[in-house]
Peer 1: 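Shown below is the structure under consideration.
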Amino acid sequence: MKRTLSLLLTAALLLSCAGLLSGCGKEETVTLRVYCEGDLIRSSLMDEFSKETGILVEYTTGNSTLENGMNLTEEDEDPADSAASSGASPELTEEELAALEEEAAWEALDLYDRLQQRYIDYEDALDQAEAEGEDTESVTMEEPVYDVVFTSGDMIERLIEGGLVQALDYSQLSNADAINEDYQNCDYDPGGVYSVTTLWQMMGLLWNSDYIDTQVTSWNTLWMEDYAGQILMSSNLRDAMAVALTSLGYSVNTEDGEALAAAWDLLNQQSALVQDYTAAEGFSKMADGTAWLTPAYSGDALNMMSDNAALSFAVPTEGTWRISYGYCVVEGTSYSEEALEFINYMCHVENLAKNAIYCKYSVTSDEALEKMDSSWRNNPLAYPDESVIEGTELLSFNGSDVWTDYVAQWAELLESKAAEPAEEPEGSEETETTTETASEAESESSDS
(Lines give C-alpha, C1' and ligand atoms only; values in the text may rest on other atoms or scores of the structure.)
Protein backbone atom coordinates (compact mmCIF):
# COMPACT_ATOMS: atom_id res chain seq x y z
CA MET A 1 0.00 0.00 0.00
CA LYS A 2 1.23 3.45 -0.86
CA ARG A 3 2.47 5.47 2.09
CA THR A 4 1.89 9.20 1.74
CA LEU A 5 4.67 11.08 3.52
CA SER A 6 6.05 14.55 3.09
CA LEU A 7 9.30 15.32 1.30
CA LEU A 8 12.26 15.59 3.63
CA LEU A 9 13.47 19.09 4.39
CA THR A 10 17.10 19.83 3.56
CA ALA A 11 18.59 21.56 6.56
CA ALA A 12 22.28 22.12 5.91
CA LEU A 13 22.76 24.37 8.90
CA LEU A 14 21.18 21.83 11.20
CA LEU A 15 23.34 19.04 9.87
CA SER A 16 26.56 21.00 10.11
CA CYS A 17 25.80 22.05 13.66
CA ALA A 18 25.13 18.43 14.56
CA GLY A 19 28.34 17.23 12.93
CA LEU A 20 26.53 15.00 10.50
CA LEU A 21 27.94 16.17 7.18
CA SER A 22 30.09 13.74 5.24
CA GLY A 23 33.33 12.88 6.99
CA CYS A 24 31.93 13.47 10.47
CA GLY A 25 31.69 9.81 11.38
CA LYS A 26 28.07 9.08 10.51
CA GLU A 27 26.98 7.93 7.09
CA GLU A 28 23.35 8.98 7.13
CA THR A 29 20.99 11.32 8.89
CA VAL A 30 18.24 9.62 10.88
CA THR A 31 14.70 10.83 10.29
CA LEU A 32 12.43 9.83 13.15
CA ARG A 33 8.79 9.43 12.15
CA VAL A 34 6.56 10.61 14.99
CA TYR A 35 2.77 10.19 14.89
CA CYS A 36 0.46 12.10 17.21
CA GLU A 37 -3.31 11.80 17.59
CA GLY A 38 -3.85 15.54 17.30
CA ASP A 39 -1.38 18.40 17.42
CA LEU A 40 -0.19 17.81 20.98
CA ILE A 41 3.58 18.19 20.56
CA ARG A 42 5.05 21.67 20.43
CA SER A 43 6.97 22.14 17.18
CA SER A 44 9.72 24.28 18.73
CA LEU A 45 10.59 21.39 21.06
CA MET A 46 11.06 19.12 18.06
CA ASP A 47 13.21 21.79 16.42
CA GLU A 48 15.38 22.01 19.52
CA PHE A 49 15.64 18.24 19.75
CA SER A 50 16.89 18.11 16.16
CA LYS A 51 19.43 20.87 16.75
CA GLU A 52 20.81 19.11 19.82
CA THR A 53 20.91 15.58 18.41
CA GLY A 54 21.00 15.91 14.60
CA ILE A 55 17.99 13.60 14.38
CA LEU A 56 15.34 14.97 12.03
CA VAL A 57 11.69 14.62 13.01
CA GLU A 58 8.91 13.91 10.56
CA TYR A 59 5.79 14.78 12.55
CA THR A 60 2.40 13.47 11.47
CA THR A 61 -0.89 14.61 13.02
CA GLY A 62 -3.95 13.05 11.52
CA ASN A 63 -3.87 13.82 7.82
CA SER A 64 -1.17 16.52 7.94
CA THR A 65 2.55 15.90 8.02
CA LEU A 66 5.09 18.28 9.51
CA GLU A 67 8.83 18.01 9.84
CA ASN A 68 10.82 19.82 12.51
CA GLY A 69 7.75 21.92 13.21
CA MET A 70 7.41 23.20 9.64
CA ASN A 71 4.37 22.25 7.60
CA LEU A 72 5.64 20.81 4.35
CA THR A 73 2.23 19.90 2.92
CA GLU A 74 -0.20 22.22 1.22
CA GLU A 75 -3.98 22.13 1.56
CA ASP A 76 -5.19 19.05 -0.26
CA GLU A 77 -7.06 19.91 -3.43
CA ASP A 78 -9.14 17.56 -5.50
CA PRO A 79 -7.06 16.81 -8.62
CA ALA A 80 -10.13 17.21 -10.82
CA ASP A 81 -10.84 20.66 -9.36
CA SER A 82 -7.20 21.62 -9.78
CA ALA A 83 -7.20 20.52 -13.41
CA ALA A 84 -10.43 22.38 -14.13
CA SER A 85 -9.15 25.62 -12.60
CA SER A 86 -6.04 25.50 -14.77
CA GLY A 87 -8.02 24.96 -17.94
CA ALA A 88 -6.90 21.35 -18.30
CA SER A 89 -9.24 18.42 -18.68
CA PRO A 90 -10.71 17.33 -15.32
CA GLU A 91 -10.68 13.71 -16.51
CA LEU A 92 -8.51 11.43 -14.39
CA THR A 93 -6.80 8.31 -15.62
CA GLU A 94 -7.61 4.96 -14.10
CA GLU A 95 -4.19 4.97 -12.44
CA GLU A 96 -4.83 8.40 -10.90
CA LEU A 97 -8.27 7.35 -9.63
CA ALA A 98 -6.82 4.15 -8.18
CA ALA A 99 -4.08 6.15 -6.42
CA LEU A 100 -6.66 8.54 -4.96
CA GLU A 101 -8.79 5.65 -3.72
CA GLU A 102 -5.75 3.98 -2.18
CA GLU A 103 -4.75 7.18 -0.42
CA ALA A 104 -8.30 7.76 0.85
CA ALA A 105 -8.40 4.20 2.18
CA TRP A 106 -5.09 4.75 3.99
CA GLU A 107 -6.23 8.03 5.54
CA ALA A 108 -9.39 6.30 6.80
CA LEU A 109 -7.39 3.76 8.82
CA ASP A 110 -6.90 4.37 12.51
CA LEU A 111 -3.47 4.12 14.12
CA TYR A 112 -3.87 0.45 15.01
CA ASP A 113 -4.73 -0.53 11.45
CA ARG A 114 -1.92 1.60 10.00
CA LEU A 115 0.67 -0.16 12.15
CA GLN A 116 -0.85 -3.56 11.49
CA GLN A 117 -0.93 -3.07 7.72
CA ARG A 118 2.68 -4.13 7.19
CA TYR A 119 1.93 -7.52 8.77
CA ILE A 120 -1.04 -7.96 6.44
CA ASP A 121 1.11 -6.98 3.45
CA TYR A 122 3.78 -9.45 4.56
CA GLU A 123 1.32 -12.34 4.84
CA ASP A 124 -0.10 -11.47 1.41
CA ALA A 125 3.42 -11.43 -0.06
CA LEU A 126 4.17 -14.83 1.49
CA ASP A 127 0.97 -16.30 0.08
CA GLN A 128 1.76 -14.91 -3.35
CA ALA A 129 5.31 -16.27 -3.26
CA GLU A 130 4.03 -19.70 -2.28
CA ALA A 131 1.39 -19.64 -5.00
CA GLU A 132 4.02 -18.78 -7.59
CA GLY A 133 6.49 -21.36 -6.31
CA GLU A 134 9.03 -18.76 -5.23
CA ASP A 135 11.37 -18.83 -2.23
CA THR A 136 9.43 -17.39 0.73
CA GLU A 137 12.67 -16.68 2.64
CA SER A 138 13.33 -13.81 0.25
CA VAL A 139 10.10 -12.10 1.32
CA THR A 140 10.81 -9.34 3.82
CA MET A 141 8.52 -7.23 5.94
CA GLU A 142 8.33 -3.48 5.37
CA GLU A 143 9.51 -0.99 7.98
CA PRO A 144 6.70 0.36 10.20
CA VAL A 145 5.25 3.64 8.96
CA TYR A 146 6.07 5.36 12.29
CA ASP A 147 8.85 5.00 14.85
CA VAL A 148 7.23 6.81 17.78
CA VAL A 149 3.52 7.25 18.48
CA PHE A 150 1.86 9.59 20.96
CA THR A 151 -1.69 8.48 21.56
CA SER A 152 -4.44 7.90 24.11
CA GLY A 153 -4.42 5.19 26.75
CA ASP A 154 -7.25 3.19 25.21
CA MET A 155 -5.35 3.07 21.89
CA ILE A 156 -2.12 2.17 23.72
CA GLU A 157 -3.93 -0.80 25.25
CA ARG A 158 -4.97 -1.97 21.77
CA LEU A 159 -1.43 -1.54 20.45
CA ILE A 160 -0.01 -3.57 23.35
CA GLU A 161 -2.52 -6.36 22.84
CA GLY A 162 -1.72 -6.41 19.14
CA GLY A 163 2.06 -6.60 19.70
CA LEU A 164 2.51 -3.35 17.76
CA VAL A 165 4.69 -1.51 20.30
CA GLN A 166 7.85 -2.64 22.06
CA ALA A 167 8.88 -2.75 25.70
CA LEU A 168 10.81 0.35 26.73
CA ASP A 169 14.40 0.41 27.93
CA TYR A 170 14.19 2.68 30.97
CA SER A 171 17.97 2.84 31.25
CA GLN A 172 17.63 5.33 28.38
CA LEU A 173 14.65 7.15 29.89
CA SER A 174 16.10 8.85 32.94
CA ASN A 175 13.73 11.82 32.59
CA ALA A 176 10.70 9.55 32.90
CA ASP A 177 11.27 9.57 36.67
CA ALA A 178 9.56 12.97 36.67
CA ILE A 179 6.20 11.35 35.85
CA ASN A 180 3.94 10.97 38.90
CA GLU A 181 3.74 7.42 40.24
CA ASP A 182 0.03 6.99 39.57
CA TYR A 183 0.65 7.66 35.86
CA GLN A 184 3.57 5.22 35.80
CA ASN A 185 1.19 2.36 36.48
CA CYS A 186 -1.95 2.90 34.41
CA ASP A 187 -4.41 0.02 34.09
CA TYR A 188 -3.92 -0.13 30.33
CA ASP A 189 -0.14 -0.57 30.79
CA PRO A 190 0.72 -1.83 34.30
CA GLY A 191 4.20 -0.72 35.28
CA GLY A 192 4.55 1.48 32.21
CA VAL A 193 6.27 -1.34 30.34
CA TYR A 194 5.31 -0.01 26.90
CA SER A 195 4.41 3.65 27.39
CA VAL A 196 5.35 6.90 29.11
CA THR A 197 2.25 8.91 30.00
CA THR A 198 2.74 12.68 29.93
CA LEU A 199 -0.70 14.31 29.48
CA TRP A 200 -4.25 13.84 30.68
CA GLN A 201 -7.71 15.41 30.49
CA MET A 202 -11.03 14.98 32.25
CA MET A 203 -14.43 14.96 30.56
CA GLY A 204 -17.04 17.59 31.35
CA LEU A 205 -19.76 19.68 29.73
CA LEU A 206 -19.07 22.80 27.69
CA TRP A 207 -21.87 25.26 27.01
CA ASN A 208 -22.45 28.74 25.60
CA SER A 209 -23.71 31.00 28.38
CA ASP A 210 -25.09 33.48 25.82
CA TYR A 211 -27.79 30.93 25.05
CA ILE A 212 -27.85 28.72 28.16
CA ASP A 213 -28.01 31.13 31.09
CA THR A 214 -28.03 28.53 33.86
CA GLN A 215 -25.20 26.49 35.38
CA VAL A 216 -25.07 23.11 33.67
CA THR A 217 -24.63 20.46 36.35
CA SER A 218 -25.84 17.16 34.90
CA TRP A 219 -25.14 14.87 31.97
CA ASN A 220 -28.92 14.68 31.60
CA THR A 221 -28.79 18.19 30.09
CA LEU A 222 -27.68 16.49 26.87
CA TRP A 223 -31.13 14.88 26.67
CA MET A 224 -33.18 18.05 27.26
CA GLU A 225 -35.71 19.01 24.56
CA ASP A 226 -34.96 22.69 25.26
CA TYR A 227 -31.62 22.30 23.47
CA ALA A 228 -32.79 20.21 20.53
CA GLY A 229 -30.69 20.99 17.47
CA GLN A 230 -28.03 22.74 19.53
CA ILE A 231 -26.28 19.69 21.00
CA LEU A 232 -23.04 18.23 19.67
CA MET A 233 -21.90 14.71 20.50
CA SER A 234 -18.60 13.01 19.81
CA SER A 235 -18.46 10.89 16.66
CA ASN A 236 -16.19 8.57 18.67
CA LEU A 237 -18.31 5.65 19.90
CA ARG A 238 -16.09 5.09 22.95
CA ASP A 239 -16.56 8.66 24.20
CA ALA A 240 -20.28 8.76 23.40
CA MET A 241 -20.91 5.51 25.24
CA ALA A 242 -18.84 6.76 28.18
CA VAL A 243 -21.11 9.81 28.45
CA ALA A 244 -24.21 7.62 28.48
CA LEU A 245 -22.70 5.10 30.90
CA THR A 246 -21.68 7.83 33.35
CA SER A 247 -25.10 9.47 33.21
CA LEU A 248 -26.60 6.09 34.16
CA GLY A 249 -24.13 5.54 37.00
CA TYR A 250 -22.07 2.81 35.33
CA SER A 251 -18.30 2.50 34.98
CA VAL A 252 -17.02 3.82 31.64
CA ASN A 253 -14.92 0.65 31.38
CA THR A 254 -17.73 -1.81 32.09
CA GLU A 255 -18.12 -4.89 29.92
CA ASP A 256 -21.52 -5.73 31.40
CA GLY A 257 -23.98 -6.39 28.57
CA GLU A 258 -27.00 -4.89 30.34
CA ALA A 259 -25.14 -1.67 31.16
CA LEU A 260 -23.90 -1.27 27.60
CA ALA A 261 -27.38 -1.98 26.21
CA ALA A 262 -28.89 0.68 28.48
CA ALA A 263 -26.26 3.21 27.40
CA TRP A 264 -26.88 2.38 23.75
CA ASP A 265 -30.64 2.88 24.16
CA LEU A 266 -29.95 6.26 25.74
CA LEU A 267 -27.81 7.35 22.79
CA ASN A 268 -30.56 6.30 20.38
CA GLN A 269 -33.11 8.34 22.32
CA GLN A 270 -30.80 11.34 22.13
CA SER A 271 -30.10 11.19 18.39
CA ALA A 272 -33.12 13.28 17.39
CA LEU A 273 -31.86 16.13 19.61
CA VAL A 274 -28.30 16.11 18.28
CA GLN A 275 -27.28 18.72 15.72
CA ASP A 276 -24.18 16.79 14.71
CA TYR A 277 -21.75 14.06 15.73
CA THR A 278 -18.32 15.63 15.40
CA ALA A 279 -14.62 15.32 16.06
CA ALA A 280 -12.30 18.33 15.83
CA GLU A 281 -14.80 20.25 13.66
CA GLY A 282 -16.98 20.61 16.75
CA PHE A 283 -14.43 23.08 18.11
CA SER A 284 -15.38 25.72 15.55
CA LYS A 285 -19.12 25.17 16.05
CA MET A 286 -18.82 25.83 19.76
CA ALA A 287 -16.43 28.72 19.23
CA ASP A 288 -18.68 30.53 16.74
CA GLY A 289 -21.96 29.83 18.54
CA THR A 290 -23.57 27.54 15.96
CA ALA A 291 -23.90 24.93 18.70
CA TRP A 292 -24.57 25.52 22.39
CA LEU A 293 -23.76 22.36 24.32
CA THR A 294 -21.31 19.47 24.06
CA PRO A 295 -19.31 16.99 26.12
CA ALA A 296 -15.66 18.06 25.99
CA TYR A 297 -12.38 17.10 27.53
CA SER A 298 -10.88 19.81 29.71
CA GLY A 299 -7.88 20.64 27.51
CA ASP A 300 -10.07 20.86 24.43
CA ALA A 301 -12.51 23.02 26.39
CA LEU A 302 -9.70 25.41 27.34
CA ASN A 303 -8.76 25.74 23.68
CA MET A 304 -12.35 26.52 22.68
CA MET A 305 -12.84 28.92 25.58
CA SER A 306 -9.82 30.90 24.47
CA ASP A 307 -11.73 31.59 21.23
CA ASN A 308 -15.07 32.45 22.84
CA ALA A 309 -15.37 34.08 26.26
CA ALA A 310 -19.04 33.04 26.49
CA LEU A 311 -18.15 29.36 26.82
CA SER A 312 -18.27 27.72 30.25
CA PHE A 313 -17.11 24.30 31.45
CA ALA A 314 -18.04 22.14 34.42
CA VAL A 315 -17.81 18.56 35.64
CA PRO A 316 -21.35 17.15 36.12
CA THR A 317 -22.44 16.04 39.56
CA GLU A 318 -22.78 12.41 38.44
CA GLY A 319 -19.01 12.30 38.02
CA THR A 320 -16.56 11.99 35.17
CA TRP A 321 -13.53 10.11 33.89
CA ARG A 322 -10.07 10.90 32.57
CA ILE A 323 -8.18 10.09 29.40
CA SER A 324 -4.39 10.04 29.24
CA TYR A 325 -1.79 10.20 26.48
CA GLY A 326 1.59 8.56 26.24
CA TYR A 327 4.60 7.86 24.06
CA CYS A 328 5.34 4.40 22.65
CA VAL A 329 8.11 2.99 20.46
CA VAL A 330 6.72 1.06 17.50
CA GLU A 331 7.64 -2.62 17.18
CA GLY A 332 10.03 -3.26 14.30
CA THR A 333 11.50 0.23 14.06
CA SER A 334 15.16 0.43 13.05
CA TYR A 335 15.55 3.49 15.28
CA SER A 336 14.72 2.28 18.78
CA GLU A 337 17.59 4.20 20.40
CA GLU A 338 16.71 7.43 18.60
CA ALA A 339 13.05 6.93 19.54
CA LEU A 340 13.96 6.56 23.20
CA GLU A 341 16.21 9.62 22.94
CA PHE A 342 13.25 11.61 21.59
CA ILE A 343 10.89 10.43 24.33
CA ASN A 344 13.48 11.14 27.02
CA TYR A 345 13.96 14.66 25.65
CA MET A 346 10.23 15.32 25.71
CA CYS A 347 10.08 14.07 29.31
CA HIS A 348 12.53 16.65 30.65
CA VAL A 349 10.51 18.58 33.23
CA GLU A 350 10.87 21.92 31.45
CA ASN A 351 9.79 20.38 28.15
CA LEU A 352 6.85 18.66 29.82
CA ALA A 353 5.75 22.05 31.15
CA LYS A 354 6.20 23.85 27.83
CA ASN A 355 4.33 21.19 25.94
CA ALA A 356 1.40 21.11 28.37
CA ILE A 357 1.01 24.88 28.13
CA TYR A 358 1.18 24.66 24.34
CA CYS A 359 -1.67 22.17 23.95
CA LYS A 360 -3.53 23.22 27.15
CA TYR A 361 -3.75 19.63 28.35
CA SER A 362 -2.82 18.68 31.92
CA VAL A 363 0.68 17.43 32.69
CA THR A 364 1.31 14.19 34.60
CA SER A 365 4.33 15.54 36.49
CA ASP A 366 4.21 17.63 39.66
CA GLU A 367 7.81 18.65 38.98
CA ALA A 368 6.79 20.02 35.59
CA LEU A 369 3.79 21.74 37.14
CA GLU A 370 6.12 23.69 39.40
CA LYS A 371 7.87 25.05 36.30
CA MET A 372 4.64 26.66 35.08
CA ASP A 373 3.30 30.12 35.68
CA SER A 374 0.88 30.33 38.63
CA SER A 375 -2.04 31.08 36.30
CA TRP A 376 -1.65 27.59 34.87
CA ARG A 377 -0.82 25.80 38.12
CA ASN A 378 -3.93 27.28 39.70
CA ASN A 379 -6.26 26.84 36.73
CA PRO A 380 -9.14 24.68 38.09
CA LEU A 381 -10.05 23.38 34.64
CA ALA A 382 -6.59 21.97 33.96
CA TYR A 383 -5.68 21.13 37.56
CA PRO A 384 -8.88 20.75 39.60
CA ASP A 385 -9.04 20.09 43.30
CA GLU A 386 -8.22 16.51 44.18
CA SER A 387 -11.81 15.99 45.33
CA VAL A 388 -13.01 16.51 41.73
CA ILE A 389 -10.89 13.76 40.20
CA GLU A 390 -10.58 11.43 43.19
CA GLY A 391 -11.78 7.99 42.17
CA THR A 392 -12.22 8.89 38.50
CA GLU A 393 -11.30 6.13 36.06
CA LEU A 394 -8.87 6.33 33.19
CA LEU A 395 -10.63 5.40 29.97
CA SER A 396 -9.35 2.07 28.68
CA PHE A 397 -9.99 0.00 25.57
CA ASN A 398 -13.16 -2.05 25.68
CA GLY A 399 -12.74 -4.97 23.34
CA SER A 400 -15.44 -7.28 24.68
CA ASP A 401 -17.62 -9.13 22.20
CA VAL A 402 -20.67 -7.34 23.58
CA TRP A 403 -19.10 -3.97 22.90
CA THR A 404 -18.18 -4.74 19.32
CA ASP A 405 -21.85 -5.41 18.52
CA TYR A 406 -22.44 -1.67 18.63
CA VAL A 407 -19.73 -0.64 16.15
CA ALA A 408 -21.80 -1.33 13.02
CA GLN A 409 -24.93 0.15 14.62
CA TRP A 410 -23.01 3.31 15.49
CA ALA A 411 -21.83 3.67 11.90
CA GLU A 412 -25.46 3.38 10.77
CA LEU A 413 -26.56 6.02 13.27
CA LEU A 414 -23.87 8.45 12.08
CA GLU A 415 -24.73 7.79 8.44
CA SER A 416 -28.42 8.38 9.14
CA LYS A 417 -27.70 11.68 10.89
CA ALA A 418 -25.42 12.82 8.05
CA ALA A 419 -28.21 12.11 5.54
CA GLU A 420 -30.68 14.40 7.34
CA PRO A 421 -31.30 17.77 5.63
CA ALA A 422 -29.22 20.52 7.16
CA GLU A 423 -31.09 23.09 9.24
CA GLU A 424 -29.95 26.60 10.06
CA PRO A 425 -29.28 26.46 13.80
CA GLU A 426 -30.99 29.05 15.94
CA GLY A 427 -28.95 31.67 17.67
CA SER A 428 -26.07 31.38 15.25
CA GLU A 429 -25.51 35.11 15.15
CA GLU A 430 -21.90 36.10 15.19
CA THR A 431 -20.68 36.36 18.76
CA GLU A 432 -17.88 38.50 19.97
CA THR A 433 -14.79 36.42 20.68
CA THR A 434 -11.48 36.89 22.33
CA THR A 435 -8.38 35.35 20.86
CA GLU A 436 -6.31 35.44 23.98
CA THR A 437 -7.24 35.65 27.63
CA ALA A 438 -5.16 37.48 30.17
CA SER A 439 -4.04 34.23 31.74
CA GLU A 440 -2.95 32.92 28.33
CA ALA A 441 -0.92 36.04 27.67
CA GLU A 442 0.73 35.70 31.06
CA SER A 443 1.43 31.99 30.46
CA GLU A 444 2.90 32.54 27.03
CA SER A 445 5.07 35.31 28.41
CA SER A 446 6.48 33.12 31.15
CA ASP A 447 6.78 30.15 28.80
CA SER A 448 8.92 32.05 26.33
Peer 1: Contact between L302 and N379 at the side-chain level, heavy atoms closer than 4.5 Å - yes or no?
Peer 2: yes
Peer 1: Say whether, by atom type as modelled, one donor and one acceptor occur between the side chain of T151 and the main chain of I156 under 3.5 angstrom.
Peer 2: no
Peer 1: Side chains of D300 and Y361: is there a donor and an acceptor less than 3.5 Å apart?
Peer 2: yes
Peer 1: Side chain to side chain contact (heavy atoms under 4.5 Å, CB included), that's the test. Do N344 and L173 meet it? Break it down for me.
Peer 2: CA-CA 5 Å; N344 195 51; L173 292 172; 4.0 Å; yes
Peer 1: If only atom types and distance count, is the side chain of T61 paired as donor or acceptor with the main-chain N or O of C36 below 3.5 Å?
Peer 2: no
Peer 1: Is the side chain of Q172 donor-acceptor paired with the backbone N or O of L340 at a distance under 3.5 Å, no angle test?
Peer 2: no
Peer 1: Any side-chain heavy atom of T333 within less than 4.5 Å of one from L32?
Peer 2: no
Peer 1: Should we count CD of Q409 as having more than 12 external heavy atoms under 6.0 Å?
Peer 2: yes
Peer 1: List the steps, then state whether side-chain hydrogen bond (donor to acceptor under 3.5 Å, both in side chains) holds for Y59 with D39.
Peer 2: CA-CA 9 Å; Y59 178 40; D39 185 17; 3.1 Å; yes
Peer 1: When you compare the side chain of I120 with that of D113, does any pair of heavy atoms fall below 4.5 Å?
Peer 2: no
Peer 1: Between A287 and N308, which heavy-atom pair has the shortest distance, and what is it?
Peer 2: O-ND2, 2.8 Å
Peer 1: Determine yes or no for a side-chain-to-main-chain donor-acceptor pair under 3.5 angstrom, with W223 supplying the side chain and L266 the backbone.
Peer 2: yes
Peer 1: F49 and F342: aromatic ring centres closer than 6.0 Å?
Peer 2: yes
Peer 1: So does D187 have more than 12 non-hydrogen atoms from other groups sitting under 6.0 Å from CG?
Peer 2: no
Peer 1: Do D121 and Q117 have a side chain donor and acceptor closer than 3.5 Å?
Peer 2: yes
Peer 1: If you compare all heavy atoms of S334 against all heavy atoms of E143, which two are closest, and at what distance to 0.1 Å?
Peer 2: OG-OE2, 2.7 Å
Peer 1: Kindly give the heavy-atom pair with the smallest separation between W410 and A240, and that separation in Å.
Peer 2: CH2-CB, 3.6 Å
Peer 1: Determine the minimum heavy-atom distance between S195 and D189, stating which atoms define it.
Peer 2: OG-OD2, 2.7 Å
Peer 1: Using a 4.5 Å cut-off on heavy atoms from C-beta on, say whether the side chain of N355 contacts that of T198.
Peer 2: no
Peer 1: Assess, by modelled atom type and distance only, whether the side chains of Y146 and R114 contain a donor and an acceptor separated by less than 3.5 Å.
Peer 2: yes
Peer 1: Would you check if L267 and Y277 make a side-chain contact, meaning some heavy-atom pair closer than 4.5 Å?
Peer 2: no
Peer 1: Does a salt bridge link E420 with K417, judged by any charged N lying under 4.0 Å from a carboxylate O?
Peer 2: yes
Peer 1: What's the shortest heavy-atom distance between L222 and L273, and which atoms?
Peer 2: O-CD1, 4.3 Å
Peer 1: Nearest heavy-atom pair of A301 and F313: which atoms, and what distance?
Peer 2: CB-CD1, 3.5 Å
Peer 1: How are the rings of Y211 and W292 set relative to one another: parallel (under 30°), tilted (30 to 60°) or perpendicular (over 60°)?
Peer 2: parallel
Peer 1: Strictly distance-based, threshold 3.5 Å: is any side-chain N or O of S50 a donor or acceptor partner for the main-chain N or O of M46?
Peer 2: yes
Peer 1: Have E318 and S247 got a donor and an acceptor in their side chains that come within less than 3.5 Å?
Peer 2: no
Peer 1: Are R238 and D154 ion-paired here, with the side-chain N under 4.0 Å from a carboxylate O?
Peer 2: no
Peer 1: With a 4.5 Å limit on heavy-atom distance, are the side chains of D110 and M155 in contact?
Peer 2: yes
Peer 1: Could you tell me whether E386 atom CD has more than 12 heavy atoms of other residues or ligands within 6.0 Å of it?
Peer 2: yes
Peer 1: Hey, what's the ring geometry for Y327 with F150, parallel, tilted or perpendicular (30° and 60° as the breaks)?
Peer 2: tilted
Peer 1: Do V330 and L164 have side chains that get closer than 4.5 Å, going by heavy atoms?
Peer 2: no
Peer 1: Without swapping roles, check the side chain of Q201 against the backbone of G299 for a donor-acceptor pair under 3.5 Å.
Peer 2: yes
Peer 1: Starting from the C-alpha separation in whole Å, work towards a yes-or-no answer on side chain to side chain contact (heavy atoms under 4.5 Å, CB included) for Q230 and N208.
Peer 2: CA-CA 10 Å; Q230 306 299 341; N208 191 316; over 6 Å; no
Peer 1: Under 3.5 Å, is there a donor-acceptor pair linking the side chains of T53 and Y345?
Peer 2: no
Peer 1: Verify side-chain hydrogen bond (donor to acceptor under 3.5 Å, both in side chains) between T290 and D288, making sure each step is shown before the conclusion.
Peer 2: CA-CA 6 Å; T290 55; D288 65 20; 2.8 Å; yes
Peer 1: Any heavy-atom pair between the side chains of N253 and W321 that's under 4.5 Å?
Peer 2: no
Peer 1: Are more than 12 heavy atoms from other residues, nucleotides or ligands located less than 6.0 Å from atom NZ of K371?
Peer 2: no
